[in-house]
Amino acid sequence: MKIRHNVVIGARRRPRGRTIVAALAAATTLAMATAATAAPSQHGFRPPADSLRAYGAKVGLAIGTAVIPYDLDHPDYARIAADQFSVVTPGNEMKWETVEPTRGTYDWSGGDRLVAFARAHGQRVRGHTLMWHNQLPAWLTSGVADGSIDNTELRALLKKHITDEVSHFRGRIWQWDVANEFFTDTSPSRLNPDDFWISHLGTGVIADAFRWAHAADPKALLFYNDYNIAGEDGTNAKADAVYAFVRGLLRQHVPIDGVGDQGHLDTQYGFDGERMRSDLQRYADLGLKVAITEADVRTFVDSPDTQVPTDSLAQFAQPYEFSQMLQSCLAVRDCISFTVWGFGDADSWVPSTFAGEGAATLYDVNLNPKPAYTALQQDLRLATGVPHRRS
Ligand code: G3I
């Protein structure tokens, strides 16, 4: 990992910056939790009482993060992952290209390692992801491209992949992202006819993927996962399309349990938290669970190494947008987990994907908590003092 080691880092160190959010929260009359640690999990692990996961537990909301399993060798990284989060998602290690790099030879090591870490720390696991157009093994995509794998064989390979992976992790995955990012970013939006899976196997393959996953682990919650599906696109077009699609799956009795909104935000576009809340509630009103699955808030920064925001408003916009996302989820009874897509800026996918942007996570490049962390911590603490009807 890229954490700089010339700086003392500490997961439990208080943030130095004093934010408006923190100041407001400090002024509340809510009683502070005074115990040093929360109740131990069934595996004996005790998170700090003021951690995100401890406050989340009090309001019935699981707080998650994407993890790079091999970064768990770094003690400071591992401590934050264990202390602050009650759910973990492998960033890449359950994707097809990682689990079957050579046809017929599985490598579960990354996923197994994260599952073991989760068990040791009383955490649950989100499995990510079974069917996506991206990060497919080269042997599969080149076989399809050169015609040596025809559509009949491709369908059989997909069924085997889903069955084998879900079976391998059976009983150890709380939520599976079965299908990921199938809709266009157009208005109106629709299932992308050019998607790798749809173009070869037709739109019905998505329903089949849910059926195959359910057969392999009937107790896992099965999710459709996508970005900009809770109004972040401004038009709500993608949310409308996904809503109609999952409603159709339910009418066909397809075993889908939930919708995951990734929650990748950017301070340059603004964000409507009320729209997110109402869109999440609309999925929930169908009888589905909902979750925020990959939250982060990027902004323009000085360099990929230091990731200091260049716009002074970012120090307000980032905590605000994280807070709005969390509050949208908290306001929906069936929003069962709020997951950030990695917790340290040094490990974020953002700088290598969006030129000039970064600082998208809760901790800086040296693993010091940022105002966005404090905002979520205070939101959760405040929520513990409010009568609620969350599931
Ligand atoms: O493993 C290779 C390594 O061998 C090689 O040396 C290195 C050189 O660049 O690349 C490594 O692969 C990288 C892989 O992550 C593992 O680190 C890929 O280049 C890189 O593109 C890949 O990025 C991942 C991205 O998905 C791919 O689209 C990110 O880590 C991962 O966080 C990101 O996650 C996605 C979610 O799955 C779906 N939603 C969007 C989200 C962000 O893109």
Side-chain angles (χ1 to χ4, degrees), residues 1-3 64-74 77 81 85 87-102 107-111 113-114 125-141 161-162 165 173 175-185 192 195-197 206 209 223-230 232-233 238 242 258-266 290-299 304-305 307 325 337-355 357-363 365:
M1 71 190 302
K2 293 177 283 181
I3 296 168
T65 183
V67 167
I68 299 170
Y70 299 102
D71 279 354
L72 295 170
D73 289 335
H74 189 293
Y77 181 93
F85 302 98
V87 190
V88 287
T89 308
N92 292 297
E93 290 70 17
M94 290 185 186
K95 293 171 179 172
W96 197 341
E97 84 171 354
T98 307
V99 301
E100 197 180 1
T102 304
D107 177 0
W108 307 115
S109 57
R113 178 163 185 191
L114 189 58
V125 181
R126 293 196 86 258
H128 176 84
T129 173
L130 296 170
M131 183 170 58
W132 190 25
H133 63 266
N134 205 357
Q135 293 181 280
L136 293 169
W139 60 262
L140 182 78
T141 51
H161 161 66
I162 291 175
E165 175 145 20
I173 302 295
Q175 305 170 23
W176 265 115
D177 287 333
V178 175
N180 193 49
E181 299 177 9
F182 276 87
F183 283 79
T184 62
D185 295 324
N192 184 358
D195 175 88
F196 177 84
W197 294 110
I206 300 177
F223 273 66
Y224 177 75
N225 190 56
D226 211 329
Y227 60 90
N228 288 3
I229 59 167
E232 302 97 321
D233 57 358
K238 206 163 169 184
V242 170
V259 172
D261 179 49
Q262 295 181 1
H264 295 297
L265 303 185
D266 186 326
V290 292
I292 302 298
T293 56
E294 306 182 14
D296 53 20
V297 183
R298 59 187 182 269
T299 194
D305 290 334
Q307 297 189 46
M325 261 197 286
S337 58
F338 180 92
T339 291
V340 296
W341 202 240
F343 53 82
D345 287 342
D347 280 335
S348 169
W349 67 296
V350 168
S352 59
T353 306
F354 298 94
E357 294 193 76
T361 76
L362 303 180
Y363 290 76
V365 292

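Counting convention: from 1, in listed order, for ligands and their atoms alike. We use all heavy atoms of the structure for the numbers below, so side chains are in, but hydrogens, waters and symmetry mates are not.
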- Query: What orientation do Y224 and F182 show, parallel under 30°, tilted 30 to 60°, or perpendicular over 60°?
  - Reply: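 If you compare the ring of Y224 with that of F182, the planes turn out tilted.
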- Message: Below 30° counts as parallel, above 60° as perpendicular, anything between as tilted: where do the rings of H161 and W96 land?
- Response: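 Aromatic pair H161/W96 classed parallel.
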- Query: If you measure only the distance, is there a donor-acceptor pair under 3.5 Å linking the side chains of D296 and T361?
  - Reply: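 On atom types as modelled, these side chains do not qualify, holding no pair under 3.5 Å.
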- State, to 0.1 Å, how close N228 and D261 come at their nearest heavy-atom pair, and which atoms those are.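 What the structure gives for the nearest pair is N-OD1, 3.7 Å.
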- With a 4.0 Å cut-off, would you call R113 and D73 a salt bridge?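 So R113 pairs with D73 through a salt bridge.
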- Query: Applying a heavy-atom distance cut-off of 4.0 Å, which protein residues contact ligand 1?
  - Reply: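 Answer by chain and number: N92, K95, H128, W132, N134, Q135, N180, E181, Q262, H264, E294, W341, W349.
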- Task: For P351, check side-chain contact (heavy atoms from CB on, under 4.5 Å) against everything at least two apart and list the hits.
- Result: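 Residues passing side-chain contact (heavy atoms from CB on, under 4.5 Å) with P351: P304, Q307, S348.
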